[in-house]
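Here is the structure we will look at, set down as structure tokens.
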Amino acid sequence: MFSPATRKSSLLRQKDRNQWGHAASAPPVSSPSTPLPSEQASGFFLTPSIPNRPATGTPAPWATRPSVAVRIPTAKDLEKGTDVDQTKPVYVGDFPCHLRDAQEELLHEVSSGDKLFTGGMDKGTGLCWIICGNKLYIWSYLSASLSNKCVILEIPSSVLEISDGNRKGKHFNDWMVCIVRWDVGSAKTEKVLRHCNSAGVVMCHMKTQALVYWPDIFVESRNMPVFGLPTPLEVSETNFHGEGRKDANGNQEICLVGSVHLSEHHHINSIIVAPVSGSSKECIAIACQSSGKLWHFYFTPSGIYRKNIPHDIFSAGCASHSQTNKRYARSLNWHLQPHACSEKSGWQFFLLTDREIQYWNVMLTPEVNVTKLWVNEIVGNDGDLGIKKDLAGQKHIWLLDMQVDERGKEISILVATFCKDRLGGSSYTQYSLLTMICKAGKNINTENTAAMSARVLEKKAPLQVIIPKARVEDEEFLFSMRLRVGGKPSGSAIILSGDGTATVTNYLRGSIRLYQFDLPYDAGKVLDASVFPSAEDDEEGAWVVLTEKVGVWAIPEKAVLLGGVEPPERSLSRKGSCNEGITQEEKRIQAFGGNMAPRRASSEAWSSGDRPRSVITGIVQRTAQDEEVEVLLGRLFCDFMISTEAEGAFEKLSFKGAFEKEGETNVFARMSKSIVDTLAKHWTTTRGAELVASAIVSSLLLDKQQKHQKYLHFLALSRCHDELSLKQRHALLTIMEHGEKLSSIIQLRELQNMISQNRSNNADTLSSQSENRLGGSLWDLIQLVGDKARRNTVMLMDRDNAEVFYSKVSDIEEFFNCLSHHITYIVGEDQPYNIQMQRAYEVSNACLILIQAAMQYRIENQTWYPSPEGLIPWNCQPVVRSGLWCMASFIMKLFKESALIDSSRKPDLWSQLEVLTDILLEAYTCSITARIECGEEHRGLVQEYSRKRDELLDSLLELTKRFADANYQDKCKGVEDLEAKEDIFREVSLPLLAIAKRHEGYPTLWHICYHVNDSGLLRNLMRDSRGPKGGFSNFVFEQLIKNHQFAKLLRLGEDFRDELASFLKDNNDLLWLHEIYLSQFSSASETLHTLALSQDDSSALIEEREFVHFRMPSSTSDRRRLLNLSKIAVAAGKKEGFELKMLRIEADLHILMLQEEVLACFPENEGKPDMNKLLPPVVLIEMCLRGGSQKLALLAFELFAWAGSNFRNSNRSLLDESWRNAADQDDWVSLANAARANGWSDELVMENLRETVLFKASYRCYGPAAETFEGGFNEVLPLRKDELDITNSKESGSSVETILMQHKNFPDAGKLMLTAILMGREGINIIAEAEGELAMES
């Protein structure tokens, strides 16, 4: 971040060299400073002169840089829980898919040198945002789900046109975005449990002061923003103290509205926003210009109001100093969050200037009034408050940024000082953190003017030096630094710099420790940082950062505590300027020559931006042992080339430790690289087209190939190959890949010769301009790759682009990298369509030749390769996949632009697209397989593979149809012949069919079979394509169900019995038909029974069963029909125990009929359940008890009888209540009184008792003709208390007699009650009427 030049950290010397393979090499002894590139040198092709460095300095040297893909936690790691390495950044979530698509589209449209995206994070709302093109994307970083809601806001075109002027897209990064939350109350109590649901967005353009306001981004009307532009008078007022730009005659110029030519002195560099309480989506903003002028903006849904704050913010004695300062005002911060302030006291904010902190107050009532309360000087000699005494030897001090903690108690200030070493005379920059305590708190008396001079700030601790001696930066870089506070560990801060790095500072055990958020350059820049909200209000959350290309990452607390290092420090003996440092760097690179092994690029984020430079991305720390081993290996190989003997070489190399390092740092891999990357001294005399036409290139490439082949034989004869294949597989793969790349370059060279020859033959028929554009796309791409390699390696600056390209064989990935970033230039998007087709064909042909030559080399030398488990070949790396995808995408775009097949080159290009698709998808499958074998996270890669596979196959299918139709029209000449048309399509689609079959492109296979109407082909594909989730068979079944072709589906069951049965396990309404076809009658009966009772768990037999989603029966008659079918199926199956199953079905039929009877007893009203809805027996019994009629009271016992013994046992209390309800149905006191008063005989008494509900219930439950399912009532509730089982007396202790004894009428009519139930059990003299009423129809 701060680009310091340092000695190598001792921490790195102790680091395991094999932890990261080739990427874990130690940093150089010293890292020289890199001069700032001029704006003129930041063009389309230019990159910094020293590789792998940001535009403003060297990367911090205290951390290794493995790829982004390595940092994403694997599923295996997540299962281990505490075993996950918490010293590394944690992957939180990717960008929303809409933003990803927009980024990809934008990356194809603009040059790689531009800063394409700007973004930020808002801690209060948990939202992050990115501006991509003309849209603002906002989503929550609190959730990792990709389905998280993303708000897309389109910036008004009128504002963009004014802000961008004539340079389209140049000032997208000049916007500042603030998010104001409306639902503050809920956020305070539920900030962790829910996301922000109501928020407004304010955008302010730093250069033009253009304002855009969305009152609420979460409502449908969010796409109608309010925007405002400054008036000419307001723009003219931006001139500080009347100082504007002057023309040649000294006349002052008045800047136009929206002009982008306002001097940087008047740019807005900070803005803060707060909601206005009690209003409807209104907020206020305070903004400051670099000159120090303050503005206040008032935003409403109907308009934006702006006003200059007419206060002189300069303190006495510093006005003259500030007028010459480039940026006087630095930062604005609220003291407390506005929702924590009262309207009476107003809102307070801090303003950081170049020398002091000012404290201001904002009052809204009766009108907006902004006043300054007090000032505290920071850059002063005051020992208690100033910092000058703490900075010895300082020449200049910059207060860069300021942050206030949530409590408003502590203020952190980032300070940079320019110093000069008194001993060595060298200049350097020192970075420090100043922490101050604010004693004002919440009790601010705005009416007390004495507060203006009172001291309210004091140092919490002495100035904490972050980096003692760092390289000197210009002010632009210094002012780009931003400070964030509030994360874990407590008291830590994170510093963001303009070159896209983030460093956490933590004060630990009396010293500062630094932890750099260290993702490789494929992650892009760090856009902003924030903090995860903690569950406890008094605790900090983990740091979270927003990257430019790979989403959101978190920094665990342990990562800062355990991974932090002491600040690096420049050696005191270093003298001179940055330019002298570069000279030393060049000399050192030239001294090492080709022996410096680059780190391998392996990130998955290539498609979203620039990749790291693979020429010299990191200088390996060379030890004496490395030098000795390398010299020994070179000598042994030279001896072998002379004598063809390698006896004793293995022992000598093993003794010297040649097999200790892995990957590209391995000495054998470095030797292989030096062979294939050899530079020819005599090439420098050949330039341009002469180089293309000469045989020198081909001759040297063949010499390299022969030498590399001899090197492989040396490894084999010396037994080094066996050792490498066992212990250093990655190094051996690197060596073999050098041979692949060399073979590919030779074939590419032959292609270039052929193209040159064709161009020479066509020189007489084509104009020079057309000829250059028609045949030069490959040449242009070679120039781009060579130019990039030259600019990344100082020692190659005097070489020709083509010479560098054909020499640096090991960096063939750059061919695809440049292709992905400059595809529009290479193909010539502004050229006529036919020329674009020709140029696209030429480049795509080159891509295919490179890959196919490598594959052929791999096949021919298969025995030399190590076992492939966990290894990803170079042609499957993300950068290669990105280049192939860009090429394929552009070809698809070309075909979409032309509806007619009118070019002779189109069939060839279509064939190229088919081969490109196959190669690209094979690369994805190889990468996914390697990740799975290594136990790494692969879900994102699988999703990317699936998305691109579907897009490619869909495009190829559409092109296949178009070409087939065109061939049919040419052949038939208007005569309709459907058979010929089908044959043509079948023949044309064969390559696509093979690709789709190989890569599980099931929709494509289905469409081809459907188009040719070939059921035989469909069945063959179903047999051959068997994937982990049922393969193509399941896809066909899904399509047939989707199209309601159930007959075809069941007919396929003849050939795919097991597959269809497995597929239909979640579709019971079709499964039983397939089971009947398979003669699985018992299973069909179970399926039918489940389907009949599928609405709920009303069946006692299948109670608590979890049902799947399928079509439910629509009526009671449907359920009865399914139950009867289930009876037939169980009878046909005659499986052991089928009689019990028959009884269960009969019981369910009875319950189904009883439900109809129960519901018929209730009148039609809103509370009555649906007649066709299946109700549980418990609900039906409760309805009977609430009904109050004798019929319903008896129906309750019927339900108990058919529900089963388990149901009766589990609902014992409900059965007791049913007996009490039965006793309540008759007037037993009146019956007893009548019998005594009238002197009824026993026959008359029995005749009256037969009419009671108790008698009928007893006869139904305990009578001789009682029918029940699974045992009788006597097992659950005996009739008499003397029949109770003594062993179960504690559990039950109840009987019908006991229940009746508790009845209120039992003292008067207990004898009659008992007589009634006893008569019911014995069935004495049951009259026919009562018997008929109790009997239930079956």
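Position 1 is the first residue of the sequence, and the numbers go up from there.
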Any chance you could measure [X], atom [atom1], to [Y], atom [atom2], to the nearest 0.5 Å?
X: L1064; Y: H1074; atom1: CG; atom2: NE2; value: 6.5 Å
X: L1159; Y: L1175; atom1: CG; atom2: CG; value: 6.0 Å
X: R1280; Y: L1318; atom1: CZ; atom2: CG; value: 5.0 Å
X: Q1190; Y: L1195; atom1: CD; atom2: CG; value: 12.0 Å
X: I217; Y: I138; atom1: CD1; atom2: CD1; value: 4.0 Å
X: L1185; Y: R1220; atom1: CG; atom2: CZ; value: 10.5 Å

ask   = Aromatic ring centroids of F1197 and W1219 under 6.0 Å?
value = yes
Residue pair T1087 / T1090, side-chain donor-acceptor N/O under 3.5 Å = no
query = Using a distance-only test with no angle check, is there a side-chain donor-acceptor pair under 3.5 angstrom linking R1236 and N1233?
reply = yes
Under 3.5 Å, side chain of [X] to main-chain N/O of [Y], donor-acceptor pair present?
X: N1221; Y: E1217; value: no
X: W139; Y: P96; value: no
X: T1315; Y: K1311; value: yes
X: Q1155; Y: K1173; value: yes
X: R1208; Y: F1273; value: no
X: T1252; Y: N1248; value: no
X: R1212; Y: V1276; value: yes
X: R1119; Y: A1092; value: yes
X: E1297; Y: K1281; value: yes
X: R181; Y: G124; value: yes

Would you say that [X] contacts [Y] through its side chain, given a criterion of any heavy-atom pair below 4.5 Å between the two side chains?
X: V1158; Y: I1181; result: no
X: N1211; Y: V1178; result: yes
X: N1209; Y: F1207; result: no
X: E1182; Y: R1186; result: yes
X: E1243; Y: M1246; result: no
X: D1226; Y: V1253; result: yes
X: L1312; Y: W1228; result: yes
X: K1256; Y: R1250; result: no

task = May I ask you to say whether R1120 pairs ionically with E1156, meaning some side-chain N is under 4.0 Å from a carboxylate O?
result =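 Here R1120 pairs with E1156 in a salt bridge, since their nearest N and O are under 4.0 Å apart.
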message = Between E1086 and K1141, does any NZ, NE, NH1 or NH2 come within less than 4.0 Å of an OD or OE carboxylate oxygen?
response = yes
key: Steps toward side chain to side chain donor-acceptor pair (under 3.5 Å) verdict (T1298, S1295)   = CA-CA 5 Å; T1298 305; S1295 63; 3.0 Å; yes
request  = For R1260 and A1266, work out which heavy atoms get closest and say how close.
outcome  = O-CB, 3.1 Å
message = Show the nearest heavy-atom pair for residues I1151 and W1202, with the distance to one decimal.
response =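 It is CD1-O, 3.7 Å.
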remark   = Those residues at least two apart in sequence (or on a different chain) that pass salt bridge (charged side-chain N to carboxylate O under 4.0 Å, His left out) with E1275 are none
request  = Sequence neighbours left out, what pairs pass side chain to side chain donor-acceptor pair (under 3.5 Å) with at least one residue falling in residues 1045-1062?
outcome  = R1019-D1055, R1026-E1059
Selection residues 1038-1073 - residue pairs positive for ring-ring contact (aromatic ring centres under 6.0 Å, His included), sequence neighbours left out = F1037-F1063, H1044-F1046
